[in-house]
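To start, the structure under review is shown below, and the notes come after it.
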Amino acid sequence: MVHRHAGVGCAASTVLGALVLAGLPQAAAVEPPAPTPAPTAAETLGAASPSPMVLRALERDLGLTDAQARTRLVNEAEAGTRAGRLQNALGEHFAGAWVRGATSADLTVATTDAADVAAIEAGGARAAVVKTALQDLRKAKAKLDGAVTGKALDTPVRYIDVRTNRVTVQATSRAAANKLIAAAGLGRGVVNIRVSADRPRALHDIRGGDAYYIDDMDRCSVGFAVTKGAQQGFATAGHCGKAGARTTGFNKVDQGTFQASVFPGQDMAWVGVNSDWTATPDVTAEGGQNVQTAGSVQALAGAAICRSGSTTGWHCGTIEQHDTSVSYAEGTVDGVTRTTVCAEPGDSGGSYVSGTQAQGVTSGGSGDCTSGGTTFYQPINPLLSTYDLTLRTSTAESGTPAPQDGQSGGWATGRVYEIGARVTLDGVSYQCLQAHQAQGAWQPALTPALWQRL
């Protein structure tokens, strides 16, 4: 078969040769199609079609017009490509690159060799001739980093500033910076000192259901993020800690202090957190995903309810009874709600949510999440009212803040209203239909589910 295929191939070659000799058109004579243009840097990096959210943020935070924002993104994408090419070409002479101007139209590339200026300008950039190459600045910074001891709270920031051709040490005092520079064995010619009281910190979100630790001994769960004026914090169970007890977060980072606590009698408390933590409307749900609370409208008995806790996670059940009294070894707690949701030690203080509405924080119970159990929660609205707290909600963040009526009996955001409460807003009277804390987007005229016009 192989031999027969070879014969066919020869015959085919002979025929093709005859056709060519006869003067028929040859494939080689056909003009090849034009190559597809390569995508630009802006197209490759997505700068040619930016997200509206990115554009809006640039316009807001950098004071740009829409056209300037779009142009800036394209320029920066293209400048990165040009700077990369020049860095490769300059090699060890390269000392950094940067853009400037409202639209980043001005690219500067630094070199330690004046002979490179022509090449830099030919590459579409402004040239700057400096003393120290980037590779040497990196070595200097590495020495500073290696000389740091402890937490370095007095010299918290060190960086290379290619614009000044220096390594910068940000320190709380010049003496602290000089001490570090001397320990690194560096001369002042390559190092700048920036004195600042700022001490950078890691930032963390407050989420319902996350663990927190009390005085480095016991563990409980966050209920709901709250605010009291400018103070941020979270609601939790009173039996988790007494006023003055200190807390650390799920990551063992310093977090805050119990501001007030009641147990027994009621089981309510709130923790004021430090500036490293940010209150959010999030509650940890299945698989670490978040659900957001939109308010605190009290659900009816029989309604479905879900609980988040740091021991057993996300579990659901139903509300059995409100206004329950339960006796623990430590004493009796009144006004809690009984549910069929399971819980275990460490879940205390965690969130109960019905739909998108916050309901309460875990108090206690019996059973476990293997065989099932009964739990009790401290309702959130009395807790908010007692301590004059405002629940952090997605409704408040997305809604338009409502005018506050300061008159007696007037409606106002942040107030907890019980069923039957009467308010007046814009000269119209309303009666509350469901217990809740008023949100900015929940003006009585706009929320017939919560208010009845009289």
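If you read the sequence from its start, that first residue is 1, and numbering goes on from there.
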R100/D106 salt bridge by N-O under 4.0 Å criterion: yes

Heavy-atom side-chain proximity of L107 to R126 below 4.5 angstrom: no

Separation between CD of E418 and SG of C432, rounded to the nearest 0.5 Å: 7.5 Å

Non-hydrogen side-chain atoms of V416 and H436 separated by less than 4.5 Å: no

Flag, side chain of S261 to backbone of G238, donor-acceptor distance under 3.5 Å: yes

Exercise: identify the closest heavy-atom pair between A125 and L86: CB-CD1, 4.0 Å

Side chains of T71 and T103, donor plus acceptor under 3.5 Å: no

Six-ring centre of F258, K242 cation under 6.0 angstrom, axis tolerance 45°: no

Heavy-atom check, side chain of T293 versus side chain of F224, under 4.5 Å: yes

Donor-acceptor under 3.5 Å (Q357 side chain, V297 main chain): yes

Pairwise side-chain contact, Q292 with T393, heavy-atom cut-off 4.5 Å (strictly under): no

Check: R453 and S429 side chains under 4.5 Å, non-hydrogen atoms: no

Flag for Y328-S363: side-chain donor and acceptor within less than 3.5 Å: yes

Side-chain (T284) to main-chain (G209) donor-acceptor, under 3.5 angstrom: no

Distance-minimising heavy-atom pair for V341 and G317: CG2-N, 3.4 Å

Interatomic distance, N381 atom CG to Q437 atom CD [nearest 0.5 angstrom]: 7.0 Å

Donor-acceptor side-chain pairing of T375 and Y352 below 3.5 angstrom: yes

Exam field: side chain R174 to backbone A171, donor-acceptor pair closer than 3.5 Å: no

T339 vs T374, side chain to side chain contact (heavy atoms under 4.5 Å, CB included): CA-CA, chis, key distance, verdict: CA-CA 6 Å; T339 81; T374 298; over 6 Å; no

Residues D388 and K228 bridged, charged N to O under 4.0 Å: no

Note, T337 side chain near I319 side chain (heavy atom, < 4.5 Å): yes

Donor-acceptor contact present, side-chain D154 to main-chain T172, <3.5 Å: no

Polar side-chain atom of S366 near backbone of G373 as donor-acceptor pair, under 3.5 Å: no

Shortest non-hydrogen contact between A225 and T280, atoms and distance: CB-O, 3.1 Å

Side-chain H-bond candidate by donor/acceptor type, T312 with R307, under 3.5 Å: yes

Side chain to side chain contact (heavy atoms under 4.5 Å, CB included) evaluation trace for E59 with D66: CA-CA 7 Å; E59 293 164 27; D66 180 80; 3.1 Å; yes

F250 and Y213 aromatic centres sub-6.0 Å: no

Nearest atoms (heavy-atom pairs only) where A177 meets V169: CB-CG1, 4.1 Å

Side chain to side chain, V273 and F234, heavy atoms closer than 4.5 Å: yes

Closest contact, heavy atoms only, L180 versus L144: CD1-O, 3.8 Å

Exercise: do T248 and Q255 side chains pair donor with acceptor under 3.5 Å: no

Check: T108 side chain, A97 main-chain N or O, donor-acceptor pair, under 3.5 Å: no

Side-chain heavy-atom pair R219, Y212 within 4.5 angstrom cut-off: no

OG-CD1 distance between S348 and I214, expressed to the nearest 0.5 angstrom: 9.0 Å

Partner set under side-chain hydrogen bond (donor to acceptor under 3.5 Å, both in side chains) for R138, not counting sequence neighbours: none

Test log, rule side chain to side chain contact (heavy atoms under 4.5 Å, CB included), inputs D254 and N274: CA-CA 8 Å; D254 287 343; N274 60 43; 4.2 Å; yes

T362-D347 side chain donor-acceptor pair, cut-off 3.5 Å: no

Donor-acceptor pair, side chain of Q378 and main chain of V361, under 3.5 angstrom: no

Any donor-acceptor N/O pair, Q232 side chain to A279 backbone, under 3.5 Å: yes

Nearest non-hydrogen partners of G295 and W442, listed with the distance: CA-CH2, 3.5 Å

Heavy-atom donor-acceptor pair, S173 side chain to A176 backbone, under 3.5 Å: yes

Stepwise side chain to side chain contact (heavy atoms under 4.5 Å, CB included) test for L389 and L383: CA-CA 8 Å; L389 304 172; L383 190 157; 3.8 Å; yes

Plane angle bin for Y417 and W451 - parallel if under 30°, tilted between 30 and 60°, otherwise perpendicular: perpendicular

Atom pair CG (L384) and CH2 (W270), whose distance is rounded to the nearest 0.5 Å: 11.5 Å

Listed partners of F376 passing ring-ring contact (aromatic ring centres under 6.0 Å, His included), at least two apart: none

Test item: side-chain donor near acceptor, T168 and R194, under 3.5 Å: no

